[in-house]
Amino acid sequence: MRLSQYFLPLLKENPSEAQIVSHRFMLRSGMIRQQSAGLYTWLPLGQRVLSKVENIVADELNKAGCIRVIMPTLQPADLWKESGRYDAYGKEMLRITDRHERDLLYSPTCEEMIVDNFRSFVRSYKSLPINMYQINWKFRDEIRPRFGVMRGREFFMKDGYSFHADIEDAKREYNKMYDVYHKIFARLGLTAIAVNADSGPIGGAVSHEFQVIAETGESALYYDAAFDDIRAGKLAMSSEEMRKLYAAADELHIPEKCPVPKERLREARGIEVGQIFLLGRKYTDAMNVDVTGADGQLQRVEMGTYGIGVSRLLGAIIEASHDDNGIIWPESVAPFDIGLINLRVGDIKCDAICESLYNSLSEQGKEVLYDDTDERAGGKFASMDLIGLPWQIVVGPKGAEKGVVELKNRKTSEKQEFTVDDCLKILLGA
Ligand code: ATP
Ligand code: MG
């Protein structure tokens with residue numbers, strides 16, 4: 001992508017409404033624009049990252065045997081009246097009446113609708129288990145939308161739902177999702193701590209929240225100090241081992257009953273990036289969902305439900321990975337792989353080197369943002385640091401004379417000169 005042909009509305013000044021670093025950098029780097037409280041346009045750069053996060057989430061779920069669907073964002077109120085949640089959900093639910101005076105709502109979550117789909121097709125235990133998910137927009141009329149996409153009103157969520165013949169099988173799937181979630185967050189460059197949590201309005205007996213530690217997090221957590229070693233990369237543990245360590249959300253942490261000695265107990269703030277629930281029969285009881293069992297008798301279906309805040313994850317990743325100059329994207333989700341800076345557009349040698357690098361890298365499947373504008377050097381450097389691409393190639397007239405370019409690693413700030421060929425080799429991993 002040539003910057004001169006792209007749409008990258010960067011902000012020079014710190015926006016006064018942004019209280020936390022991720023919100024500030026998302027606005028400044030032209031990723032999002034607020035339309036109204038908690039409602040955002042995803043500008044081109046933001047859209048690219050959102051899609052990458054979405055694809056990683058989908059990829060890991062697909063590998064784990066989950067099946068993707070899309071359900072409407074508007075739901076008939078009748079389903080929610082049937083489950084009993086229409087009145088219980090409260091003001092966070094946006095209620096709408098259509099021209100025929102039918103009550104609708106904008107989906108805050110989708111248990112009722114997936115259950116309705118399930119019961120209209122599935123008759124026998126032989127079809128079980130089934131785990132279906134969607135990645136789609138949700139709306140919750142949050143009383144205090146804030147921190148940008150962290151707590152929006154409209155937000156992008158992965159919601160998954162599994163159906164089982166018995167509770168043992170639902171537990172097996174729950175544990176599997178627990179593992180898959182760790183894999184997803186690791187691919188996004190995050191270490192999430194799974195804390196025991198209250199299941200809230202979604203319901204169910206067992207629940208874990210996946211929390212990314214950040215000072216600006218809205219949740220309070222308590223956990224075994226071993227998690228800090230895991231986060232620091234000093235200790236490796238399987239998710240099964242991790243599960244044995246103490247970790248609890250604020251509301252479930254009772255100091256007198258905590259099994260971890262005081263000196264090993266850590267208290268921190270976290271960003272909730274996902275939550276899983278062993279639901280049991282909450283919705284299948286309310287909505288009468290049975291299948292025929294092996295004995296020919298009808299039996300109630302057991303469920304689990306699994307959410308990930310896809311749009312919130314962008315904020316969490318930035319909170320976890322930035323410096324004073326801007327975002328430092330993990331390679332897996334960076335909007336482009338490489339930023340190519342031409343310091344003297346119009347200089348025959350600089351232009352030729354840039355064009356050749358741009359073409360070779362693009363042909364090899366690398367995503368390159370080529371700054372071919374005539375802005376001054378300082379501005380170009382600052383913009384590239386702000387948007388946080390993993391690699392920068394700087395092509396200036398002096399180096400171009402000698403056929404060398406400078407390669408900068410955004411994360412380490414390390415800069416080194418290379419010939420054009422060597423630069424290509426490094427970036428293409430050859
Ligand atoms: P919170 O406690 O932060 O309000 P929640 O527990 O109500 O979240 P869930 O119903 O568990 O949310 O939704 C699944 C995931 O969706 C959450 O783990 C979170 O990452 C994300 N999420 C929830 N509400 C919002 C929001 N208002 N803006 C962005 N993401 C959200
Ligand atoms: Mg939650």
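The residues of the chain are indexed from 1 along the displayed sequence. Given the structure is predicted, the values throughout are model-derived calculations rather than measurements. Note: hydrogens, waters and symmetry copies are ignored here, and every other heavy atom, side chains too, is used. Start at 1 and go down the list; that is how both ligands and their atoms are numbered.
Within the structure, side chain to side chain donor-acceptor pair (under 3.5 Å) pairs that include any residue of residues 268-280 comprise Ser207-Gln275 (at least two apart or interchain).
Ordered by chain and residue number, the residues placing a heavy atom less than 4.0 Å from ligand 1 are Arg140, Glu142, Val149, Met150, Arg151, Gly152, Phe155, Met157, Ile202, Glu272, Val273, Gly274, Gln275, Gly309, Arg312.
Between Tyr181 and Phe210, the ring planes lie tilted relative to each other; the angle falls in the 30° to 60° range. Between Tyr178 and His208, the ring planes are perpendicular. Angles over 60° get that label, and only those under 30° would be called parallel. Below 30°, between 30° and 60°, or above 60°: for His23 and Tyr40 the angle between ring planes is above 60°, a perpendicular geometry. Between Tyr6 and Phe336, the ring-plane angle classifies as perpendicular under the 30° and 60° cut-offs.
A salt bridge between Glu367 and Lys52 is present, with a side-chain N of the basic residue lying under 4.0 Å from a carboxylate O of the acidic one. Using a 4.0 Å cut-off between a side-chain N of Lys or Arg and a carboxylate O of Asp or Glu, Asp285 and Lys282 do not qualify as a salt bridge.
Looking at Asp228 and Tyr223, their side chains do bring a donor and an acceptor atom within 3.5 Å of each other.
Distances from the Mg ion (ligand 2) under 2.8 Å pick out these protein N/O/S atoms: Glu272 OE2, Gln275 OE1.
When the side-chain contact (heavy atoms from CB on, under 4.5 Å) test is applied to Ser332, the partners found at least two apart in sequence or on another chain are Ile56, Pro330.
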